[in-house]
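Sequence lines set the chain letters: A, B, ... in the order given, protein chains first and strands last, and positions in each chain run from 1.
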Amino acid sequence: MRLSNLYLPTTKEAPSDASLPSHIFLSRAGFISQVASGLYNFLPLGKKVLKKIENIINEEMEAIGAQEVELSFVTPAELWQESGRIEKFGKELLRFKDRKENLFVLGPTHEEMMVNLVRNKVTSYKQLPLHLYQIKTKFRDEARPRFGLMRGREFLMKDGYSFHANVEDLDREFNAVEEAYKKVLTRLGLNFRIVEADSGAIGGTGSKELMVLADSGEDTIAVCSKCEYGANIEAAKRSERLDIPEAPQAQFNKFLTPDVKSIEDLSEFLKIDSYYTVKAVAKRLVFEDRTEIALFFLRGCDSLQEKKAQSVTKAIDLVDVDESELEAVGLIAGFMGPLDQDKVKYVIDADLYEAKNMICGANEKDYHFVGVDMLVLNDAFFADIVEVKEGDGCPYCDGTLSYTKGIEVGHIFKLGTTYSKVLKAEFLNERGQAEPFIMGTYGMGVSRLVAAIIEQHHDENGCIWTKESAPYMVNVMVSNVKDEAQLALGEKLYADLKANRVEVVLDDRKERFGFKMKDAELVGYPYTIVIGKELENGMVQIFERTTSSKEDIKAEKILDVIMDRI
RNA sequence: CGGGGUGUAGCUCAGUAUGGUUAGAGUACUUGGUUUGGGACCAAGGGGCCGAAGGUUCGAGUCCUUUCACCCCGACCA
C-alpha cells in the first residue's frame, strides 16, 4: 500500500475525550474514530490489526479442533426468555421490535443461540465432543462505556462453546483452550497472567481469566512472588498466617468497653492485636424478590471481599447499611457479635473456625465478650469471605502475594449443565438415557486486545506494534520524493518486499522528513527503512520502533538485511 | 443510576463573570512560490445554525428555562 493512497488520517492532537494511551494513540494514528459513546469505527489500519488477531485466534482454534461458525447478531427475545436471562441482563440487553412487533435483542453473548443451534441435532454421545466458536460483534448497553476500545458497547469478541458427555472431557477441553489462549497471547507478544476468577453468577465449577498486565487495567489481581499462582482479587485465596501474635489470656467473660466501637479502639483499649478481635460487617442483601440485612464476621485485621460475600449468600447485590437500619432490626452498631444473636443471618469467615481467645461484640451497648472459643458456633455458616492483602502468603507455596493491575482479555468457564438444562438440550448416553450437555464457554475480546496491545506497547511518540499484530511490518520511507534516486530505490524495495510477501507500505507522500518520521513513530511500524540523503553515499537506514535505534546499511544489502530481521 | 465537568471551524481551544461592529487563534484543507533529515516558510483563499428548543431584550455565543450529547469519579460489568 502506498501511503499517498492510504486512508490514514493522523493528527498531532488527541481527541479531548481520550484519556488512556491506547485510546489517544489509536485515535491519533488513524486506527479508530469514535461515533458515539462506546461505539467506534475501525479505519483501514485498525481493521488490519483486527484481522491479524482474528487470524491468530483462528489458527489456534483450528489446532485444537474447534470449528468456526457465525450466528446471527439479532436474536429472538424468546430464547432469552427461555433461559431467564432477559431479566438477569436487564438494560444491558438492547431490545427492539421488528415491523411485525416481534421482540429481538442484539446478542451480548451467545450461549442461548449456540445451545439452540445444536439441540435436537446433536442427540447422541457419539457426536460429542463438539466445540463451535465465532468471532462476531457483540453489543452490551453498558451503563458506563469508557476508555476507548477497552470498554465499548459494541465490540468484537471471539466466543466459543463446547459440548461434552462427561465432566472429564470438559476438563480436557478446558485445559486445551487454556493452552490455545496462552499461545494466542504469546504470539501477540503480550505479557499476561492466567488467574483464578470468581465464577459466581454464571455458575459452574471453575473459571479462569486471562489478564494482560498493564497499569491501566480495571481489574486488581493478586500474584505470587515465587510461583505461577495468580487470582482476581474477587477470588484470591491465601495461606494460613504463620506469624501469629501472642494470644490474650482470658476466661470467657462479658467485659465493659464503654464507647469502644471500632476495631482500632478495641485493640487499643484491651491492648491486644486486632488478629484476636472479631469484626462485624453489615450489608443489605438484595435478592430478586426481597432484601435482608446480614452480618459478616472476620478477624479485625482482615476485610470483607464483597464479591465473595455476594457469592456465598447468593445475593444479586450487596449494599451498605447505616446505623438506623441496624437499630431497626435490633442490632447495636459497634457491639455486634455472633454470640447470642438471632436477629439476622450471618456468615463467619472460614479463618475463624476453631479460633480461640477471641473478642467480639456482645450485642449489648458498651459490652464485648472476651475469651470466646469460636467452636461454640460450629453450627454456623463458615465460608471464605476475606479479601487477601498484599504481603499475605501464597496458598500454594511459601511466596507472598502482591497486587497488580490487569486487563481482562479472556475468560474461560466450565459451565456444566447450567444452560443445557434450562434450554433442554440433551443427548442420549451409552445406556440410552437422556442427559443435558456438559458445557464449557470461552471468550476472548478481540477489539479489547487491540487496546491491550497498545496499553502494554507504546511510548510518548505513539504505538509500538508487536510483529504479529502490526498492520504492516515495514515502512519504506522515501525522504524526499523529488529526489529521483531515492524514489527509484523506494519503488524497487517496495516491489521486492511485496514479492517476498512482506506486508509493506511505501511512504511516497510529498512531505518532509520530519513529518514522515513522526508519522512512522505514531503509527508504530516495527521497521522503517529510511531512504534519504545518505543514499548519495550508498547508504540507507533501518529504524527499529521498539528500540528507536537507527542503523546504517549499504543500500544494495538492505533487502537481505530486512528479510533477515523480520 | 448518583456526583462532577464540557459542548464555538475537520481537530485542539480562546471569547461567556460585566449582552453591543462582520465570532477569533493554532492546526488541518485549497492555490501559487520557496524549502527538503525530526510535524518548514511566505502569500492568497475556502470553511461556523456558537449542541438543540423555547424565553428575556432594541440587541444573545454571552442572561433564564427545558432538553440532548459527550467525558471523568463511583455503582454496575456473562
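As judged by a 4.0 angstrom heavy-atom cut-off over every strand, D519(A) is placed among the base-contacting residues. Within the 4.0 angstrom heavy-atom criterion, no nucleotide atom of any strand lies near E209(A). Counting any heavy atom pair closer than 4.0 Å across all strands shown, M477(A) reaches no nucleic acid atom. If you check every strand for non-hydrogen atoms under 4.0 Å, F147(A) touches sugar and phosphate atoms only.
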What protein N or O atoms touch nucleotides 6-13 of chain B N or O atoms at under 3.5 angstrom, if any, and at what distances?
residue : atom : partner : partner atom : Å
rU12(B) : OP1  : S16(A)  : N            : 2.8
rU12(B) : OP1  : S16(A)  : OG           : 3.4
rU12(B) : O4'  : E13(A)  : OE1          : 3.3
rU12(B) : O2'  : E13(A)  : OE2          : 2.8

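In this structure, of rC76(B), rU35(B), rG38(B), it is rU35(B) that holds the atom nearest to the side chain of K482(A). Of the candidates rA75(B), rG38(B), rC77(B), the closest approach to any side-chain atom of R151(A) belongs to rC77(B). Here the side chain of R512(A) is nearest to one of rC1(B), rA40(B), rG38(B), namely rA40(B). Picking from rU36(B), rG37(B), rC77(B) the nucleotide with the shortest atom distance to the side chain of E142(A) gives rC77(B).
In this structure, rG37(B) forms no base pair with any nucleotide, since neither Watson-Crick nor G-U wobble geometry is met with both distances under 3.5 Å. Of all nucleotides present, only rG74(B) satisfies the Watson-Crick or G-U wobble test against rC1(B), with each distance under 3.5 Å. Across all strands shown, rU27(B) is found opposite rG10(B) as a Watson-Crick or G-U wobble partner, with both distances under 3.5 Å. Across all strands shown, rC42(B) is found opposite rG32(B) as a Watson-Crick or G-U wobble partner, with both distances under 3.5 Å. In this structure, rG61(B) forms no base pair with any nucleotide, since neither Watson-Crick nor G-U wobble geometry is met with both distances under 3.5 Å.
Looking at every heavy atom in both residues, F25(A) comes nearest to E460(A) through CZ-O, 3.9 Å.
Atom CD of E556(A) has more than 12 neighbouring heavy atoms from other residues, nucleotides or ligands inside a 6.0 Å radius. Heavy-atom neighbours of E484(A) CD from other residues, nucleotides or ligands within 6.0 Å: at or below the threshold of 12. By the neighbour-count criterion of 12 heavy atoms within 6.0 Å, atom CG of D215(A) is sparsely surrounded, having that number or fewer from other residues, nucleotides or ligands.
Straight-line distance between the P atoms of rU16(B) and rG24(B): roughly 15 Å, to the nearest whole Å. rG59(B) sits 35 Å from rA44(B) when the C1' atoms are compared, rounded to a whole Å. The separation of rA75(B) from rG2(B), taken at their P atoms, amounts to 16 Å, rounded to a whole angstrom. For the P atoms, the distance from rG47(B) to rA23(B) is 13 Å, rounded to whole Å. Between rG37(B) and rG20(B), the distance separating the two P atoms is 49 Å to the nearest Å. With P as the reference atom, rC64(B) and rA17(B) are 9 Å apart, rounded to whole Å. Separating the C1' atom of rU12(B) from that of rA28(B) is a span of 11 Å, rounded to the nearest Å. rC50(B) and rG19(B) have their C1' atoms separated by 15 Å, with the value rounded to a whole Å.
The glycosidic torsion of rA17(B) lies within 90° of 0, placing the base in the syn range.
At least one side-chain nitrogen or oxygen of Q34(A) sits closer than 4.0 Å to the OP1 or OP2 atom of rC71(B). Contact annotation: R144(A) side-chain N/O to rC71(B) OP1/OP2 distance is not under 4.0 Å.
For rG38(B), its base never sits under 3.5 Å from the side chain of E511(A) at any donor and acceptor pair. With hydrogens and angles ignored, no donor-acceptor pair closer than 3.5 Å exists between the side chain of R146(A) and the base of rG74(B).
Distance, R509(A) CZ to rC29(B) P: 11 Å, rounded to whole Å. The interatomic distance linking E154(A) (CD) with rC77(B) (P) rounds to 22 Å, in whole Å. When rounded to the nearest whole Å, the span between CG of D483(A) and P of rG37(B) equals 11 Å. Rounded to an integer number of Å, the gap from CG of L8(A) to C1' of rA28(B) is 15 Å. Distance L39(A) CG to rC71(B) P: 10 Å, rounded to the nearest Å. Put simply, CZ on F515(A) is 8 Å from P on rA40(B), counting in whole angstrom units. Protein atom NZ of K533(A) is 13 Å distant from nucleotide atom C1' of rU35(B), rounded to whole Å. We find that NZ of K510(A) is positioned 14 Å from C1' of rU31(B), with the value rounded to whole Å.
Each of K12(A) and R448(A) lies near RNA chain B, and the nucleotide nearest K12(A) is the one positioned closer to the 5' end. Mapped onto RNA chain B by nearest heavy atom, E218(A) and S19(A) fall at different nucleotides, with S19(A) at the one closer to the 5' end.
In summary, E306(A) and K283(A) engage in a salt bridge, as defined by a charged side-chain N under 4.0 Å from a carboxylate O.
Under the 3.5 Å distance criterion, the side-chain polar atoms of S22(A) are left unmatched by any main-chain donor or acceptor of E455(A).
Judged by the 6.0 Å and 45° rule, R512(A) forms no cation-pi pair with F515(A). No cation-pi contact links K47(A) to F42(A), judged by a cut-off of 6.0 Å to the six-membered ring centre and 45° from its axis.
Stacking between F513(A) and rG37(B) is present: the aromatic ring centre lies within less than 5.5 angstrom of the base six-membered ring centre, and the two planes differ by under 30 degrees.
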Stepwise ring-ring contact (aromatic ring centres under 6.0 Å, His included) test for W465(A) and F31(A): CA-CA 12 Å; W465(A) 292 102; F31(A) 285 72; 5.2 Å; yes
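Paired with H131(A) under the rule ring-ring contact (aromatic ring centres under 6.0 Å, His included), one option of Y442(A), F174(A), F437(A), F163(A) passes, and it is Y442(A).
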